[in-house]
Amino acid sequence: MAVKITDTCISCGACIDECPVEAIVDDDENPTGAEIYYVYADKCVECVGHHDEPACMEACPTEDCIVMDV
Ligand code: SF4
Ligand code: SF4
């Protein structure tokens, strides 16, 4: 499993530096061509941040933007 960034992403950039394994790329590097940030599922380790949530989810200001990709 991994997390996934959905199209409510506002490309604010808050998540990218929080990822310990550099699984997140910005909208310019999104391999799907979508204008949102992107998580490489094969790199994501579903890390846990300070509040028992993945670090990127904690940093993201947009509700339900980053979700578990099951
Ligand atoms: S859950 Fe953790 S490892 Fe996965 S993309 Fe978010 S910050 Fe990176
Ligand atoms: S923190 Fe959330 S809204 Fe900001 S770039 Fe990352 S996924 Fe998109």
Side-chain angles (χ1 to χ4, degrees):
M1 279 212 309
V3 302
K4 181 168 92 175
I5 294 174
T6 66
D7 60 9
T8 56
C9 172
I10 55 172
S11 299
C12 73
C15 57
I16 197 162
D17 289 336
E18 300 300 320
C19 181
V21 293
E22 298 181 2
I24 304 172
V25 293
D26 69 18
D27 46 346
D28 288 336
E29 293 184 24
N30 187 331
T32 72
E35 305 245 315
I36 55 175
Y37 278 42
Y38 179 85
V39 173
Y40 278 96
D42 56 346
K43 284 192 184 174
C44 174
V45 295
E46 279 186 58
C47 68
V48 176
H50 300 297
H51 301 286
D52 296 331
E53 251 190 347
C56 54
M57 281 189 193
E58 283 181 10
C60 183
T62 306
E63 191 87 7
D64 297 331
C65 173
I66 305 178
V67 296
M68 286 293 173
D69 187 15
V70 289

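Order of appearance sets the numbers: ligands from 1, and atoms from 1 within every ligand. A quick note: this is a predicted structure, and the numbers were derived from the prediction, not measured. Side-chain atoms are counted along with the backbone in the values below, which use heavy atoms only and exclude waters and symmetry mates.
Annotation for ligand 1: atoms under 4.0 Å from non-hydrogen atoms of V21 are 3 (S). Near P61, the atoms of ligand 2 lying under 4.0 angstrom from a non-hydrogen atom of the residue are 1 (S).
Nearest protein heavy-atom contact of atom 1 (S) of ligand 1 is P54 CB, 3.4 Å. Of the protein's heavy atoms, C47 SG, 2.3 Å lies nearest to atom 2 (Fe) of ligand 1. Ranking the protein heavy atoms by distance from atom 3 (S) of ligand 1 puts V45 N, 3.5 Å first. Looking from atom 4 (Fe) of ligand 1 to the surrounding protein, the closest heavy atom is C44 SG, 2.3 Å. The shortest contact between atom 8 (Fe) of ligand 1 and any protein heavy atom is with C19 SG, 2.3 Å.
Remark: the backbone N or O of C65 is paired with a side-chain donor or acceptor of T6 at under 3.5 angstrom. Under a 3.5 Å cut-off, the side chain of D69 and the backbone N or O of A2 do not form any donor-acceptor pair.
Note: D64 CG to M57 CE = 9.0 Å, rounded to the nearest 0.5 Å. The structure places SG of C47 at 9.0 Å from CD of E18, a figure rounded to the nearest 0.5 Å. To the nearest 0.5 Å, the span separating CG on N30 from CD1 on I5 amounts to 8.5 Å.
Panel detail: atom 6 (Fe) of ligand 2 has protein N, O or S atoms under 2.8 Å away, 1 in number.
Residue I16 is grouped with residue V39 when hydrophobic side chains (ILVMFWY) are merged at heavy-atom distances under 4.5 angstrom, including chains of intermediate members. With hydrophobic clusters built from ILVMFWY side chains whose heavy atoms lie under 4.5 angstrom apart, I24 shares a cluster with M68.
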**Message:** Would D27 and Y37 count as a side-chain contact (heavy atoms from CB on, under 4.5 Å) here? Give the steps.
**Reply:** CA-CA 5 Å; D27 46 346; Y37 278 42; 3.8 Å; yes
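Cluster partners of I10 are absent, since no Ile, Leu, Val, Met, Phe, Trp or Tyr has side-chain heavy atoms less than 4.5 Å from it.
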